[in-house]
Amino acid sequence: MEFARRVVKALEVPHTQEEGASGRMQFVSSDDLLPVPLEQRTWTAFSYVAFVTSCYFFDRWMVTSSLVVLGMSWWQAWLSICIGYSVITPFIILMARPGAVFHITFPVVNRASFGIFGSLWCVFNRAAMACIWYGVQTSIGGTCVLVMLRAIWPSVNDIPNSMPLSSGTNTRDFMCFIIFWIISLPFIWPPVHTIRHFFTFKTIITPIACVIFMIWCIVKAKGAGPIIHQPGTLHGSELAWNMISGAGICISSLITLTTNSPDFGSRAKYPSAPTYSQLLSIPFSYGAICLLGVIVSSSSQTLYGEAIWSPVDLLGKFLDDDPSPAARFGVWFIAASFIVAQLPAYLMLHTLLIFRANISANSVSAGCDLTALFPRFINIRRGGYISAIIGLVMCPWNLMSSSNRFTSYISGYSVFLSSIAGVMAADYYFVRKGHYNVADLYVTRKGSWYWYNYGFNPRAYTAYIAGIIINVTGFAGDTGTPVPTAAAHIFDLSFFTGFGVSAIAYYVLNRIFPPPGAADKFEEIDVSGYEERMTSSDEDTNSKDDNIEKESSSAV
C-alpha cells in the first residue's frame, strides 16, 4: 500500500500555487488551470496575427475545390469562402474575450455555464476532437515528409511494402508518418506563452513558399490555366444555397477554434490584443490562401489534364517528371515549408496548434482539456504528449481513407461544439454580463456561484440538447439518409441554428430561474478579487524573503 501511495505521488504534477490543497481541490484545480500568471501573458496583437495566419493551411488551400466541383465558378467559390470566414470571425473574438479579460482557459470558462463537474462532458468532447485532429494533421504532415525525402532520395518512393492490406497504409507512408510524428514531439515541450515566436517564423516562411509555388506553377503551365476562365453551372436558388453551404463548410471548420479560443486569449498581454488583430487577419489570410489554391490548381489542370487540389500531391507530380537538381531543391524547400506550416499550427484545436497547426491548436487544446479532466496527474505538457500518442494509435490514415466519412464526422462534431459555444456566449454576455467570480471556478462547495446542482447546471444541458436536436435530421441527411429539403438547409446553417437555439434557450431559462451571479449591467469584473489577492500574496512572500535575506546579511 505504501508503494502504491509513492507511485501515485510520483505521478502527480507539481501544484506550486496550490501547495497543501486537499485531494478534492486537486480534482478541480492545478497550476495550468489557474489564471495565467502575469509573466506568461506575452501574446500581443501581432502574436495573434501570426497565429491565425499560420493556422489551418492545408484545410484552407483545398477547401475551394469542393465548391468548384459542385459547379461554382472559382470567384463564386472564393466569395462564398470569404463570406464564411468573415462571418465566423466575430464569434471567435467574442468567445476569446473571457479568456483575454480573466486569463483563464476554455475548461475553466466552460465551468461558469455548465458547472464545475458539468463542464467535464464538454471538455471531453473538445479533447477528443483535438486528439483526432492531431492524428489527421500528422498524417498530412507525413505526406509532406514523403515529398521532401523523394526530392533528396528518389529511391524512397520504391521502398517495398511489408505491411498487410488491412493496416490501411504501407511501409513507405507509415515511415514518413512516424518521422513527422517524432519531429512534432519536441514542439509540445515549450510552455504555451513562449511559442508565439514560432508562429512569427511560420508567418514569414510559409507565404514565401506559397508565392514561389504559385509563380512556379504559372510559369510551368505558361498561364493561370482553364479553371480561372471556367464559368459556373449553378444558377438562381441552387447557386445561393450552394454558396451558403460553402460558407457553412468554412464556419464548421473553424468551430473548434471558436470554442477553445479562450485558451489562446488567456495568454493576451492586454484584453484587446485578440480583437482587432483577428478581425482583419482571419478573413484576409484565409481568403488569400484559398485564392492561391485556386490559381495553383488551375495551372495543374493545364499541366496534367486534371485539377490537383492538394499542394502536396502536386509537388509529388513535379518529382515524377525527371526533375533537374534545381527543381528537386525547389520541391524540397516548398515541402519543408509545408512541414513548418503543419507544426506551428497546433502548438491552438490549448488546450490547444497542423496548424490547425498540429502543435499549436491541437496539442495545446488537447493539453488544456486533458488537464481539466485529470488536473491532479496531467498538465498541458503531459496532455499534449497524450494527444500525440492517441493521434498515433488511432491510425488516422483509415479515417481519411473516405472523404465522406471524415466530412460527416467533422460535421457531426460541429453540431455538438456550436451548442456548447452558444451556451457559453449567452452566459457571459447576457446572463452574467461580464461578472465572474474567479475564485468560485475552483471550489466544489455548496453555495458557490458555479456549484448549481451538485456541480451540474441543468439549464445549460437543456439548452445544449435543444441546440443539437434542431440539427439532428439534417445531420442524418449529411450521412446519406433521405431527409426533407428544409432539414438539409437547416443543417447548412448548423452553426447558427445550433449556436442560436442553445443561446436563446439558455437565456430564457436563466430569466425564469436566475442563477447566482446573474447581473443587470454589463461590466467585466471579477467580484472575488482573485487576482488582487494572488498579487498581494506574492508581494507578501517576496517581502518576507527580502527580510530573511537582510537578517541573514546582518548576522554575517
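What you are looking at is a predicted structure, and each value in this text was computed from that prediction instead of being measured. Residue indices begin at 1 and follow the sequence shown.
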| task | List the steps, then state whether side-chain contact (heavy atoms from CB on, under 4.5 Å) holds for F495 with V87. | result | CA-CA 11 Å; F495 171 78; V87 167; over 6 Å; no

| query | Could you go step by step and tell me if V109 and Y428 meet the side-chain contact (heavy atoms from CB on, under 4.5 Å) rule? | reply | CA-CA 9 Å; V109 174; Y428 184 77; over 6 Å; no

| said: Would L94 and R97 count as a side-chain contact (heavy atoms from CB on, under 4.5 Å) here? Give the steps. | reply: CA-CA 5 Å; L94 289 173; R97 184 68 184 180; 5.8 Å; no

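Residue T89 comes nearest to L279 through the heavy atom pair CG2-CA, 3.6 Å, listed as atom of the first residue, atom of the second, then distance. Taking every heavy atom of both residues into account, D263 and P107 meet most closely at OD1-CD, 3.8 Å. Taking both residues in full, the closest heavy atoms of P283 and Q278 are given as CD-O, 3.9 Å, listed atom of the first, atom of the second, then distance. When all heavy atoms are compared, the tightest approach of S448 to V443 is CB-CG2, 3.7 Å. Shortest non-hydrogen contact noted between W78 and G287 is NE1-O, 2.8 Å. Taking both residues in full, the closest heavy atoms of S502 and S418 are given as OG-O, 4.1 Å, listed atom of the first, atom of the second, then distance.
Here the OH-NE2 distance, from Y530 to H103, works out to 13.0 Å after rounding to the nearest 0.5 Å. One finds the CG atom of L280 at 10.5 Å from the OG atom of S285 (value rounded to the nearest 0.5 Å). Between the OG atom in S119 and the CZ atom in F456 there is a gap of 8.5 Å [rounded to 0.5 Å]. The CH2 atom of W449 sits 8.5 Å away from the OG atom of S528 when rounded to the nearest 0.5 Å. Atoms SG and CD1, on C122 and I420 in that order, are 4.0 Å from each other to the nearest 0.5 Å.
The ring pair (Phe, Tyr, Trp, His ring centres under 6.0 Å) with F117 is formed by just one residue from the set W451, Y454, Y452; it is W451.
Listed by chain and residue number, A45, Y48, V49 satisfy the side-chain contact (heavy atoms from CB on, under 4.5 Å) test with S277 (two or more places apart in sequence, or in another chain). Residues satisfying the ring pair (Phe, Tyr, Trp, His ring centres under 6.0 Å) test with F102, not counting sequence neighbours, are Y436. For S80, the side-chain contact (heavy atoms from CB on, under 4.5 Å) test picks out L67, M243, A247, with sequence neighbours left out. Taking A519 as the reference, K433, H435 meet the side-chain contact (heavy atoms from CB on, under 4.5 Å) condition, with sequence neighbours excluded. Under the side-chain contact (heavy atoms from CB on, under 4.5 Å) criterion, A518 pairs with V431, P515, sequence neighbours left out.
Atom OH of Y276 has 12 or fewer neighbouring heavy atoms from other residues, nucleotides or ligands inside a 6.0 Å radius. Atom CZ of F496 has more than 12 neighbouring heavy atoms from other residues, nucleotides or ligands inside a 6.0 Å radius.
Looking at V423 and F114, their side chains come closer than 4.5 Å, going by heavy atoms from C-beta outward. The closest side-chain heavy-atom distance from T259 to M95 is not below 4.5 Å. Annotation: side chain of F106 is in contact with side chain of V123 (closest heavy-atom distance under 4.5 Å). Side-chain contact between P35 and Y442 is present, with heavy atoms from C-beta onward closer than 4.5 Å. By the 4.5 Å heavy-atom criterion applied to side chains, C250 and Y286 are not counted as neighbours. Contact of the N510 side chain with the F430 side chain is not registered, since no non-hydrogen atoms from C-beta on lie closer than 4.5 Å.
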Run the side-chain donor-acceptor check on residues 458-475: report pairs under 3.5 Å with partners two or more places apart or on a different chain.
{"unit_1": "R459", "atom_1": "NE", "unit_2": "F513", "atom_2": "O", "d": "2.8"}
{"unit_1": "R459", "atom_1": "NH1", "unit_2": "N457", "atom_2": "OD1", "d": "3.0"}
{"unit_1": "R459", "atom_1": "NH2", "unit_2": "F513", "atom_2": "O", "d": "3.3"}
{"unit_1": "Y461", "atom_1": "OH", "unit_2": "G118", "atom_2": "O", "d": "2.4"}
{"unit_1": "T462", "atom_1": "OG1", "unit_2": "P458", "atom_2": "O", "d": "2.8"}
{"unit_1": "Y464", "atom_1": "OH", "unit_2": "W121", "atom_2": "NE1", "d": "3.1"}
{"unit_1": "N471", "atom_1": "OD1", "unit_2": "T497", "atom_2": "OG1", "d": "2.7"}
{"unit_1": "N471", "atom_1": "ND2", "unit_2": "G467", "atom_2": "O", "d": "3.4"}
{"unit_1": "N471", "atom_1": "ND2", "unit_2": "S494", "atom_2": "O", "d": "3.4"}
{"unit_1": "N471", "atom_1": "ND2", "unit_2": "T497", "atom_2": "OG1", "d": "3.2"}

